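Quantities reported herein were computed from a predicted structural model and do not represent experimental measurements.
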Amino acid sequence: MMRWNSIRAKLIVFLLLATVIPIAATMFITYTYTTESLKSRVATENANLLYQGGRNLANLLDDLNRSSSTIYSIMNLLQGGYDDSQSNSRVYAVLLSIATSVPDVFQVYLHEEGARRATLVTLNTPQRQYNTDLYEEAGGGTRSVWVQPTHMSTYYGFTNVQPRYPSRPVFTLHRRIENVPSPEVVGHLAVDVSMEALGDIADQLYVRGREKIYLVDEQGRLIYGDEPERFGQPLEAGWYTETLAAAEAPSGHFERDDSVFIYETIQDRNVSWTLVKQIPLSYLMREASQAARINLLLLAFSLLVIVAATIIISIRITAPIKRLARYMNQIQSGNLDVDIRPSSNDEIGSLTVRFRSMMDTINNLILREYKLELAGKTNQLRAMQAQINPHFLNNTLQIIGTLALELKVPQVYALLASLAKMMRYSMHNEDRVVTLREEMDHVQAYIDLQLERFEGRFQYSYDVEDSVWDVTMPKMILQPILENYFKHGYQSTPEQPGILRITGRTDGTAGVYVTVENNGLPVPEEQLRALQERLDAVVGNDWLPEEDVSIRLRGLDDQPPGSRAEPEADSELRAARPTPARSPGAEGLSSIGLANVLQRLKLFKGEDASLAVENVLPQGVRITVYIPVGSSGSRREAE
């Protein structure tokens, strides 16, 4: 199962994001730019188209207006009246000319005011009616020429029209015939034009069934459109009443109700119409949507290819790393004889080759060290066969101590008891970490031997706070420090005996300070600085393996006597023979022993542990050991 924090998972996610995000962003930007560009282009093209359609409608109205003005050619007949066939023929001829001059004129109506005579020419069929008043709808205008919106055609009051053509939607041009320049009204002329005249022009401006066209007059009534049942009625759509009616520009476009509207105002002497084209966005964007669908299909296919390629590439890149990690896990579990095989010739393959070379070197070193250790153990066994067993020696010391009590020599028994106590303390190898109380007990046994050695020519005391007795610390920390005093700094006169004092106190929360102070020979300043610099450079992790730590902590007790050199910091056997103190100027403090103490202390208690050496006035040396409490670095203590 792939972990989300693995390199493989991160690589797959990164490659997918680095591929999908740019593609998706490109598609989105392209689609947005295409749609906006398409809207702008369609608006421009349709604006030009509507402008041309508006000009055609204006020309139609101009032709209708000019044609209707020919009625003034028979002005004398209308004023003087007529009743002969020739005059009738002239009137019919003028009306027929008006009816045929403009395409799709359905009928022409003429009413003569003086003669109260009406003439109706319907589809080139003339009819006349006498003693009749003006048809009511024909005289409703306030201007001399006006256009009545779309309505159903009527017979203008003619009752016996033959043939009776069915009513149809028409718009009508009304003209009041005046005796210019006087305002005298001679008659009225009405020209009904079928919707085919507008349809022939409008049908060239839009795609029927996909788009919509509207022709609206200045009162908002529908002149022409795709809904004949609404002809002549007010247009109540929100896009008109809320947007278009408030528009100030004579032409333009806007977007509303998922549609784009383009409008053009037709301004004539007699009318003010607005031509509007509605294009649904779904139809407008059909090509862009189709392109987007194709792009989505391509993206889906690309994603499948990208995902497959990403997974394959990621697996091929990370498989050698995971194989190398498995090798490391096997080695960590203790199997050092792992068959490491490089799987590629790239950098990871080179790393695997170097790792295999390193493991070969380690295995060779381990094999060599094992052989050396085996040989050493063999020699050690042979030497131990010829030496006294330490446990047998301890038992023998107890027998001698018992004999000393029987012979009434308690001082010898006390010395043997102290020596046996020190031997038991050093032989208990399983106790790597002890309390300060246990360490002080060992120090007391060591001091008892030194008091006998130096015939009581020094004074020993300790002052330890009750709260620090149970502080844990590595074994054999204080004895090497005391031994440095007897080895390098001890001096005593009858007037000034040697003084050795141990104090233990806590600083509150962080740790414990254990101070060993004496009045011996001071350390030269130059050598003291060098010693402190060496101590400051000690790092707890720079230490021996656990097996070697055990040997060092045991003081090499498992080796037979005489098979090793006597340690500098472990000289119990030398305590039996007094040695004059040597000047610190010759050798100084045992820096190796103190560094050993500090290094073990850091190993067990963490890097915050420290050891400081300083001269005190008027004479003497003070060594301060700082032991952290509850340090996270106490790795051995947890064992």
Can you name the nearest heavy-atom pair linking [X] to [Y], along with the distance?
X    : Y    : result
L77  : S87  : CD2-OG, 3.7 Å
R176 : Y72  : O-OH, 3.8 Å
P169 : F231 : CB-CD1, 4.1 Å
G53  : I201 : O-CG2, 3.8 Å
L17  : P22  : O-CD, 3.6 Å
S144 : E178 : CB-OE2, 4.2 Å

Using ring-ring contact (aromatic ring centres under 6.0 Å, His included) as the criterion, list what pairs up with [X], not counting sequence neighbours.
X    : result
H188 : none
F254 : F261
Y156 : Y109, Y135

To the nearest 0.5 Å, tell me how far [X] [atom1] sits from [Y] [atom2].
X    : Y    : atom1 : atom2 : answer
L110 : S68  : CG    : OG    : 12.0 Å
L50  : R55  : CG    : CZ    : 13.5 Å
S73  : L78  : OG    : CG    : 8.5 Å
L222 : Q233 : CG    : CD    : 8.5 Å
I21  : T26  : CD1   : OG1   : 11.5 Å
F171 : I223 : CZ    : CD1   : 8.5 Å

Can you check whether [X] reaches [Y] side chain to side chain, under 4.5 Å on heavy atoms?
X    : Y    : result
S69  : R175 : yes
Y263 : L275 : no
I98  : L189 : yes
L198 : M195 : yes
R208 : D203 : yes
V216 : R221 : no
S194 : R168 : yes
Q79  : N179 : yes

Can you tell which of [options] makes a side-chain contact (heavy atoms from CB on, under 4.5 Å) with [X]?
X    : options          : answer
V170 : D192, V105, T150 : D192
V276 : L235, L244, L215 : L244
Q107 : V121, L95, L120  : L120

Residues which pass side chain to side chain contact (heavy atoms under 4.5 Å, CB included) with [X], listed by chain and number, not counting sequence neighbours:
X    : value
S610 : Y626
Q267 : T265, S272
S167 : M152, S153

Should we say atom [atom1] of [X] is surrounded by more than 12 heavy atoms from elsewhere, each under 6.0 Å from it?
X    : atom1 : value
D84  : CG    : yes
E229 : CD    : yes
Y165 : OH    : yes
Y130 : OH    : yes
Y155 : OH    : yes
Q86  : CD    : no

Within the side chain of [X], is there an N or O that forms a donor-acceptor pair under 3.5 Å with the backbone of [Y]?
X    : Y    : result
Q52  : N48  : no
K602 : D608 : no
D257 : S259 : no
H174 : V191 : no
S97  : A93  : no

Does a side chain donor of either [X] or [Y] reach within less than 3.5 Å of an acceptor in the other side chain?
X    : Y    : result
N88  : S85  : no
Y214 : Q278 : yes
Y206 : D226 : yes

Looking at residues at least two apart in the chain, or sitting in another chain, which of them share a salt bridge (charged side-chain N to carboxylate O under 4.0 Å, His left out) with [X]?
X    : result
E196 : none
E184 : none
E242 : R256

Worked verdict on L173 versus Q148 for side chain to side chain contact (heavy atoms under 4.5 Å, CB included): CA-CA 6 Å; L173 175 72; Q148 183 181 358; over 6 Å; no
Restricting to pairs with a member in [range], which pass salt bridge (charged side-chain N to carboxylate O under 4.0 Å, His left out), not counting sequence neighbours?
range            : answer
residues 14-30   : none
residues 112-121 : E112-R117, R116-D133
residues 62-71   : D63-R66

Worked verdict on V193 versus F106 for side chain to side chain contact (heavy atoms under 4.5 Å, CB included): CA-CA 5 Å; V193 183; F106 175 58; over 6 Å; no
Cation over ring face, R128 and Y92, 6.0 Å, 45°: yes
